[in-house]
Novice: 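One structure coming up, written as structure tokens, with questions to follow.
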Amino acid sequence: MMKKGLLIISLSVAAAAHAQSPAANGSTQDLLIQKLTQVQLGLAPADPARAGVLLRLADLHAERARQLSMKEIADGCTVCKAGEKDREKALTYYTEALTKVSANSVAKVHLQMGHLYELQGRNELAEKSYQAMLSSSSSPIEMAEANLSLAEMAFRKSDFQKAQGLYEKVLATEGASSQGLAAYRKAWCAFRMGNLDASIVQLQEILKNPKLQSRMSSARGVADVQFLEEVSRDMATFMAARGIKDSDAEVLYSLSPEQFKLQQVTMLAREGLRLGQKEPSLKVWDFVYQKQSDPKLRLEAQVRMAQLNFDLKNVPAAAKSYQTALNLWGATDCNATTCEESAKGLRQFVVGWNRIENSKPSAELLAAYDEYFKVFSEDEDMYVWGSQAAATAGNYAQAAQWTALANKVILAKYTAEKDSAQQKAQAEKLEKNLLLGIENAEKSKDEKLLVAAQDDYLTKSVLKQKTFDVQYQKAYAIYQKGDYAAAADQLKDLAVNGKGSQQIKIQSAELALDALALLKDDARIQQWSGEFASKFADKKSEFLQIHQKSILTQSAKLAEAQPDQALAAMAGFNMSAATTEDRKTYLKNKILLSEKLNKITEARVATEDLLREPSLTADEREFALGRKVWFAELELDFATALKAAEQMKFSTLSQDEKVLKLAMYSELADKSPAAYYTQYLKQSKDDEKKALIASQLIRLSKTPAKDLETYKPYFKNNAGLYARAALEVYGVTSDKKVLEKALKEKGSSKQDAFVMIEKILTLDEVKALGTQLAAHKIDTKNQNTIATGLKARVKMLEKADALANRAIAAGDWSSQLLALDLVAKENARFYNEALALPMPAGLTPEQENEYLTILSQQVAPNQNTATMAETKVKEFWAQKSALDSYKTFAANNYNWSKYIAADVEAVTAIAPEDQKASWTAAVVEIKAAEGSLQKPSLAELEKARTNLKQNPFAASAIQEAIALEKKAQRKSMVEYLEGRLATLAKKDSEVKEKQQ
């Protein structure tokens with residue numbers, strides 16, 4: 001956008017009322033400034049003449065600043081600062097003069113100051129100056145000038161809404177200067193704010209209204225053709241931006257200046273095309289064509305219309321416009337230079353059409369090429385592209401004809417060319433096109449065409465660069481026919497004895513090896529690849545790689561039936577000469593073969609080598625880590641197994657299974673698995689397994705009693721397992737509260753663990769109560785102490801009765817027996833002790849008899865209770881199978897041996913003489929069994945483990961290790977080894993099935 005017309009007005013306010021002085025330039029101007037400066041310095045501040053001098057000085061400084069700035073710009077300044085001091089000086093003078101000039105001159109001074117402030121970039125001060133004009137007693141014309149300046153500032157700041165309002169004020173002021181500029185800027189404001197229709201209407205108003213057809217007031221009423229050209233050009237831009245309407249071309253044509261009418265409509269067409277408005281642009285180009293008298297411009301219109309019709313998929317219309325354009329070309333004096341754009345357009349039309357139909361050229365496209373060649377008969381590149389299109393369409397005869405024409409043009413240019421460099425270029429182009437002919441012939445799959453193209457090359461090529469290559473192609477044809485035996489020998493001969501390029505020789509060598517590969521002749525591949533490696537230094541590594549690959553191939557063929565020979569065949573493999581992929585294949589095969597042959601150490605070393613390969617894929621790394629884990633397992637190196645397993649994805653396992661596997665390795669490696677088990681509890685939905693994991697966490701805990709409560713929720717559906725966990729915690733802590741809490745969860749459960757908990761608690765209670773009763777004595781010092789003693793004894797006996805009743809309700813044999821035995825003995829003892837108590841003093845014989853009778857009646861229930869309990873005890877002892885049941889239970893629950901032994905010892909203590917010996921023997925037997933579970937020595941364990949490492953697939957070695965690990969109470973190791981044993985048995989079964 002150009003700034004509004006006024007810049008720095010050189011005329012002073014004072015001079016405006018007098019005759020204008022001639023413009024002072026150069027040294028004269030400098031001299032005048034110096035003199036006036038001296039005059040100004042000699043004038044008193046109140047001198048009436050001072051105002052005029054100040055204004056004249058300000059004007060001179062402003063004008064000199066303008067001239068210096070224009071010169072600096074003309075000189076190509078980057079950072080333009082010329083005139084800054086003069087502007088600052090001018091502002092100083094204007095500021096002082098502002099207080100001295102007459103009221104009708106204030107506005108003009110403010111206007112000048114505003115312009116200077118703008119040039120300094122001090123927009124706020126500039127705006128204040130313009131606003132001061134509006135607030136002073138300025139004339140409407142002066143206010144319009146202020147509004148125009150403010151509008152221009154707002155416009156430059158992109159405040160289009162504000163600028164629009166200010167421009168409207170300028171337009172509303174009759175006689176205001178630059179109304180044409182204001183109207184023009186207002187239209188641009190509407191455009192910038194997205195009011196495209198309004199912006200177009202406003203531009204049309206400028207083109208229609210004579211009062212607006214110039215930028216400046218000095219030209220008011222006289223059309224400024226340059227300004228109108230700019231307005232009409234912008235209207236074309238606005239119309240295209242809005243979207244071209246059907247009437248736009250006619251409106252634009254009618255309103256544009258006469259000499260620019262078609263120019264602007266053509267611009268509208270081009271803009272519409274640039275913005276992708278293809279259909280509207282097509283109509284505008286047709287309008288241009290209909291109005292245009294210049295054949296060259298009509299030619300351009302038809303070229304554009306051809307492309308647009310084609311883009312709109314109107315191929316017949318596109319072809320018609322294309323043909324019309326070609327006819328117009330012939331009717332003009334156009335050549336590729338004078339009508340370059342149209343020539344390019346015609347060429348690009350065909351090329352673009354070809355690009356769209358690249359995979360399936362139509363007959364119409366080939367016809368377009370043919371018409372093009374009638375006009376442009378020397379365009380060898382188009383001949384080449386046309387031949388390619390024809391070949392792709394399957395019209396190989398046409399392709400051959402156009403290739404021949406291309407070669408004819410190129411040969412003619414080659415022959416006529418005098419410049420050796422250009423002649424060389426033509427020879428190179430001919431070479432390329434001849435080879436393209438061979439390529440097209442190859443695509444035709446027509447052997448005759450191919451032979452013709454090959455012969456054409458051999459007879460017409462100037463450079464003869466590919467003679468050996470073509471000979472190679474003929475040999476290659478034998479290979480393509482499938483005669484691999486003959487092809488292999490011939491290609492090898494070309495590679496070793498041929499006189500062509502090294503590259504083709506190498507290709508011959510590679511193809512010879514390919515032929516051998518198809519023949520599956522690995523022995524000759526190994527032999528020839530070694531020979532080629534010695535001949536072709538540049539490809540030595542590749543041929544050596546093939547040599548290495550042949551070793552791998554031969555090894556792979558032996559792997560299934562003869563793994564030992566397969567492994568031996570791999571001994572010749574040289575890793576340093578192999579590709580990364582072959583190295584990885586070699587290492588993987590070596591791992592598998594070594595494993596198959598039970599050479600675990602070799603397999604383990606190969607695994608480490610494989611893991612050092614930097615280019616392993618995710619699957620390859622998973623494979624290597626998996627083998628590393630397995631081989632570490634076979635060596636019982638669980639720390640290594642864990643470390644490797646932690647790096648694995650275990651994509652075949654669920655997340656739960658992966659976590660449990662890592663936890664197992666942690667335990668086997670004597671590392672805490674708590675983190676993995678905790679993760680399992682958080683993520684798993686298997687309540688049964690979660691209960692087992694919770695048991696293990698409690699077992700591993702340093703505060704088992706606390707963690708039993710922590711993990712209690714995981715046992716909500718498995719009270720028996722919770723009871724077993726409680727027993728284990730009790731075994732570590734001897735805290736009976738643990739058992740008491742667990743017993744509260746029994747409910748109706750009859751699980752062995754709850755039975756054992758009740759046994760332990762009942763036995764402890766019987767022992768404690770029995771001790772308490774045995775220690776209790778009735779103090780006979782007086783009747784009060786006797787009464788107190790009797791009450792205390794009765795209370796303890798009631799506890800014994802309650803204990804017996806609980807034992808009976810629980811149904812446990814030993815608990816009932818022990819409790820009833822205690823009841824029988826202590827009630828009988830109480831009865832006897834009560835009757836033997838001394839008589840109260842002072843009783844008559846008659847009273848003594850009465851006392852004894854009453855006492856006898858009071859303790860009679862105790863005698864009855866003792867008798868009944870003793871009878872029940874005898875019944876229990878009559879159950880001879882009880883002892884065997886204890887032995888069986890002890891054998892099946894060796895973890896509880898010490899509790900069972902304690903229970904049997906308690907029963908033995910009250911056993912009848914005829915059974916005491918057998919129960920005593922049972923105690924010895926159970927304790928002996930418990931003793932047999934003592935942990936083995938470190939030496940025993942190490943011996944078994946060493947045996948297992950040396951014989952990892954021997955069932956006997958695994959079983960021996962299992963037995964010792966059970967004694968060592970290493971539950972995780974036992975479970976792991978039992979899993980290995982089961983897997984081994986399964987493999988043995990599968991092998992037997994295959995052999996049958």
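Side chains are part of it too, since the values below use all heavy atoms of this structure and drop only hydrogens, waters and symmetry mates.
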Novice: Could you tell me whether Tyr322 and Trp353 have their ring centroids closer than 6.0 angstrom?
Specialist: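 No, the ring centres sit 6.0 Å or more apart.
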
Novice: Please evaluate residues Ser342 and Glu300 with respect to the criterion side chain to side chain donor-acceptor pair (under 3.5 Å), reporting the C-alpha separation (whole Å), side-chain torsions for both, the decisive distance (0.1 Å), and the verdict.
Specialist: CA-CA 5 Å; Ser342 293; Glu300 180 191 0; 5.8 Å; no

Novice: Is Glu428 paired with Lys432 through a side-chain N to carboxylate O contact shorter than 4.0 Å?
Specialist: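 Salt bridge flag = no for Glu428 with Lys432.
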
Novice: Could you check whether Asp514 and Tyr479, counting side-chain N and O atoms only, form a donor-acceptor pair closer than 3.5 Å?
Specialist: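 Side chains of Tyr479 and Asp514: no pair found under 3.5 Å.
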
Novice: Salt bridge between Lys413 and Glu378, side-chain N to carboxylate O under 4.0 Å?
Specialist: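 Here Lys413 does not pair with Glu378 in a salt bridge, since their nearest N and O are not under 4.0 Å apart.
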
Novice: Salt bridge (Lys or Arg N to Asp or Glu O under 4.0 Å) with Glu250: which residues, sequence neighbours excluded?
Specialist: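 By the salt bridge (Lys or Arg N to Asp or Glu O under 4.0 Å) rule, Glu250 matches no residue at all.
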
Novice: Suppose we screen for ring-ring contact (aromatic ring centres under 6.0 Å, His included). Which residues come up paired with Tyr396, at least two apart in sequence or across chains?
Specialist: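 Checked Tyr396 against ring-ring contact (aromatic ring centres under 6.0 Å, His included); zero matches.
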
Novice: For residues Phe373 and Trp402, establish whether the separation of their ring centroids is below 6.0 Å.
Specialist: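 Yes, the ring of Phe373 comes within the 6.0 Å limit of the ring of Trp402, centre to centre.
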
Novice: May I ask you to check whether Ser362 and Glu357 show a side-chain donor-acceptor distance below 3.5 Å?
Specialist: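 Yes, side-chain donor-acceptor contact under 3.5 Å.
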
Novice: Taking the six-membered ring of Tyr457 as reference, does the cationic atom of Lys466 (NZ for Lys, CZ for Arg) lie under 6.0 Å from its centre and within 45° of its axis?
Specialist: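 No, Lys466 does not sit over the ring of Tyr457.
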
Novice: With salt bridge (Lys or Arg N to Asp or Glu O under 4.0 Å) as the rule and sequence neighbours excluded, what pairs involving residues 536-549 come up?
Specialist: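 Residue pairs with at least one partner in residues 536-549: Lys539-Glu542, Lys549-Asp582.
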
Novice: Walk me through whether Tyr184 and Phe227 qualify under ring pair (Phe, Tyr, Trp, His ring centres under 6.0 Å).
Specialist: CA-CA 10 Å; Tyr184 180 51; Phe227 176 58; 5.6 Å; yes

Novice: Verify, without hydrogens or angle tests, whether Asn433 (side chain) and Leu436 (backbone) share a donor-acceptor contact under 3.5 angstrom.
Specialist: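 A pair under 3.5 Å: no.
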
Novice: Could you list the residues that satisfy salt bridge (Lys or Arg N to Asp or Glu O under 4.0 Å) with Glu371, not counting sequence neighbours?
Specialist: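 In terms of salt bridge (Lys or Arg N to Asp or Glu O under 4.0 Å), with neighbours along the sequence ignored, Glu371 is linked to Lys374.
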
Novice: Check for a donor-acceptor pair, side chain of Gln264 on one end and backbone N or O of Leu252 on the other, with a separation under 3.5 Å.
Specialist: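 Between the backbone of Leu252 and the side chain of Gln264 there is no qualifying donor-acceptor contact (under 3.5 Å).
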
Novice: Given side chains that start at C-beta, do those of Glu581 and Lys584 come closer than 4.5 Å, heavy atoms only?
Specialist: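 Yes, at least one pair of side-chain atoms sits under 4.5 Å.
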
Novice: Could you check whether any side-chain N or O of Ser461 sits under 3.5 Å from a backbone N or O of Leu458, counting only pairs where one atom can act as donor and the other as acceptor?
Specialist: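 Pair absent, no side-chain N/O of Ser461 close to backbone of Leu458.
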
Novice: For a quick test of your reading: what N or O donor-acceptor pairs under 3.5 Å do the side chains of residues 493-501 make, sequence neighbours left out?
Specialist:
{"from": "Asp493", "atom 1": "OD1", "to": "Asn497", "atom 2": "ND2", "distance (Å)": "2.5"}
{"from": "Ser501", "atom 1": "OG", "to": "Ile504", "atom 2": "N", "distance (Å)": "3.1"}

Novice: Check step by step if ring pair (Phe, Tyr, Trp, His ring centres under 6.0 Å) holds for Trp188 and Phe155.
Specialist: CA-CA 9 Å; Trp188 268 101; Phe155 188 87; 7.5 Å; no

Novice: Can you tell me if Tyr383 uses its side chain to pair, donor with acceptor, with the backbone of Ser377 under 3.5 Å?
Specialist: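 Pair found, side chain donor or acceptor close to backbone of Ser377.
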
Novice: If you draw a 6.0 Å radius around NZ in Lys71, do more than 12 non-hydrogen atoms from other residues or ligands fall strictly inside?
Specialist: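 No - once you tally the heavy atoms of other residues, nucleotides and ligands closer than 6.0 Å, there are 12 at most.
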
Novice: So, using ring-ring contact (aromatic ring centres under 6.0 Å, His included) as the criterion, who are the partners of Tyr414 when residues are at least two apart?
Specialist: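 Tyr414: no ring-ring contact (aromatic ring centres under 6.0 Å, His included) contacts found.
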
